2 protein chains.
Amino acid sequence: MSRNRRPTIVDVAELAGVSKSTAARALTGSTNITDETRERVVRAASAVGYERNHLAVGMRSGRSGMLGLVMPDIANPFWADVARGAQDRAAQAGMSLLVFSSDWDPDVEATHLQTLRRARVDGAIINPVSDSFDDLDRFGLPCVFIGSSAERFPDVSSVGSDIAQAVRLGLDRLVQMGHPAPALILGPKSRLARARFLRAVHEHCVERDVDPGILDIEDGEYTVEGGREAMKRLMARARVGHLAVFAANDMMALGAMMAVRDAGLDCPRDVSIIGFDGIPSGEFAWPGLTTVAKPGRDIGERAVEGLFDEIEHKPEHRRIYMPCRLIERGSLADLSTHAPKRIAGAGRV
Amino acid sequence: MSRNRRPTIVDVAELAGVSKSTAARALTGSTNITDETRERVVRAASAVGYERNHLAVGMRSGRSGMLGLVMPDIANPFWADVARGAQDRAAQAGMSLLVFSSDWDPDVEATHLQTLRRARVDGAIINPVSDSFDDLDRFGLPCVFIGSSAERFPDVSSVGSDIAQAVRLGLDRLVQMGHPAPALILGPKSRLARARFLRAVHEHCVERDVDPGILDIEDGEYTVEGGREAMKRLMARARVGHLAVFAANDMMALGAMMAVRDAGLDCPRDVSIIGFDGIPSGEFAWPGLTTVAKPGRDIGERAVEGLFDEIEHKPEHRRIYMPCRLIERGSLADLSTHAPKRIAGAGRV
DNA sequence: CTGAAAGCGCTAACAA
DNA sequence: TTGTTAGCGCTTTCAG
């Protein structure tokens, strides 16, 4: 039961009684061909079950028809969402997407980038983990960055969320609810996104005549465990009154919620938490996680579109910052009327 | 600033002062070559920044070095986990993985399968949505199924979870907690997994002298919304006492929890819910979702390994059923002492 | 409008 | 041990 050789364009040409170049012309939609001949070739193609060999096409044209996506963590639903958008948009243009997860490891990232180069992808979308950026410099293919890291690379387009707007959205709501100086749970210091988030917070504080110096800050990995640990440390410090926390990522926010529960406290009664990402899991948590939602799927789509521009050597490199939206679910206590002057961390000033 | 042509093996050969076949031999690790020559070639390769063109290799060898994965829903963390395992295992063997999400749509699935064939993947891992299986018959490449559907295909290997064991695990616990005849929230009737789940439940019931006919059953899509709707219908029926539910999927279970909350009831006080999958979100829910966890990542890895066997024409087709484990988190009420004889749905007999 | 031929980068026979 | 040559399947000149 040996499987027969898969039909090539020669098989099609023979059956149609034309040369293989004519067959190719008919199948690629070239104009220089009689309708009648094309018809015959097309029929022959479907008769033998012909399917164009993309490897051969790629070889000939120098375009593999594949794109790469390298992101830190496909287990994080936000990134799954981004991948989804990218996948769909790529498929729509008849291209395939190779998806890789770097697990926050620069070495793994470097390996994936090499794999992409060897696979001859036509371009890649990257949310870089590497802080050295050497591997990225060496990448040498059309690429688009997702997130904040692109700022160091003037020659690279990027798509991300509008962090300044997002932070404003979150802080405005916190202030309205009576939390003028929330503690922050941020990502690792090496990440550029952390700096941008913090800068946005500072600006917002300054506008309100609040000294950013009073803000309590903890770092952690962008994971549930990272958020849990950071929250534990935050709570370990002696403090009075209600604690409000703005987490830079929903996974961390959910971890923070668990830490609160572990400590026998109640969210939102004792601790208010707001996240950033808008992953669906936030809806199942109790209380539901109030968060600033990024348009993950759109980001994926736009990144692919930007990559197409890059591949076609469209001159201008773009920075796209997508607007975020607030999703209120109940993890914020309303202290605006009950205790307007209790400020978490105020004891430290 | 035109980017130079990427170096080929000819460039390496010229720099090393050998023929291109010698260069190839040196680079592929053939034995028939002087250590000294190899050394020289390797140095030349890294000097020019040579990277093997996988397209060309694939063309020559008939092996693209790529695998495909088609699953219903990458937004479901369980499937993200499977993809993760498959990705890692494939990378470990130096292969790339093309991941596609069919969104439960047979047409989309068919499109993805065609894309995989055209991309000349060496094989594919599929959790089929299609009930007709025509597209699968036509697929004609080495493949491994994930899940129950493979039972209709004696020629195809499969990897999945041991549903019988999983159901037993869940039901045993339900019985211990005083829920001898839980209602079921199952997937769409078209899915083979549904039948297997139901069969396992029936067997368990018969062993305990419980008439499976008294079980209340609702169907829904394998999504949060599907579970929510199904739970609504379940609760709409007049009944007395505590309601226990075994959902065939964690997303549905979480949706069911939301429906309970929507109805102003409390889980686990009024309703007990147990899920199936073991997605991390279940931990954040309140109460935490008790569930039977599948080893998603392992399933992905084993599927890739099975696919390797398939590609190498290892004769025997295997069916691997991975054991599941119970994760207890608190969505089950313990009625075993308080009200041993109150059985949900018993009023209907 | 169609056919013949070249060549993308690589590996594997076959010769030397 | 090394070099020469052919060819994987396709598209695209260049002739006819």
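Sequence lines set the chain letters: A, B, ... in the order given, protein chains first and strands last, and positions in each chain run from 1. Keep in mind it's a predicted model, so treat the numbers as computed, not measured.
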Using a heavy-atom cut-off of under 4.0 Å over every strand shown, decide if A:R52 touches base, sugar-phosphate, or nothing.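 The residue A:R52 makes sugar-phosphate contact but no base contact.
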Under 4.0 angstrom, heavy atoms only, what part of the nucleic acid is A:T34 near: base, sugar-phosphate, or nothing?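 It contacts sugar-phosphate atoms only.
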If you take atom types as modelled and just measure distance, does the side chain of B:R6 reach the base of C:dG9 with a donor-acceptor pair under 3.5 Å?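 No such pair is found, so the answer is no.
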Record whether the side chain of B:T22 comes under 3.5 Å of the base of D:dT1 through a donor-acceptor pair of N or O atoms.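 In this structure, the two groups form no donor-acceptor pair.
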Within the structure provided, determine whether A:L27 and A:V42 are in side-chain contact (heavy-atom separation under 4.5 Å).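 A:L27 vs A:V42: side chains touch.
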Candidate nucleotides C:dC10, D:dT2, D:dC10, ranked by approach to the side chain of A:V57 - the nearest: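 Among C:dC10, D:dT2, D:dC10, the one nearest the side chain of A:V57 is D:dC10.
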[X] side chain N/O closer than 4.0 Å to the phosphate oxygens (OP1, OP2) of [N]?
| X | N | answer |
| --- | --- | --- |
| B:S19 | D:dG3 | yes |
| B:N32 | D:dT1 | yes |
| B:T37 | D:dT2 | yes |

What integer distance in Å separates B:K20:NZ from C:dT11:C1'?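 From B:K20 NZ to C:dT11 C1': 9 Å.
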Ignoring hydrogens and angles, tell me if any N or O in the side chain of B:S157 forms a donor-acceptor pair with the backbone of B:G306 under 3.5 Å.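 No; zero donor-acceptor contacts below 3.5 Å.
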Start at the 5' end of DNA chain D and walk down; is the nucleotide closest to B:R120 or to B:E36 reached first?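 Nearest-nucleotide comparison on DNA chain D picks B:E36.
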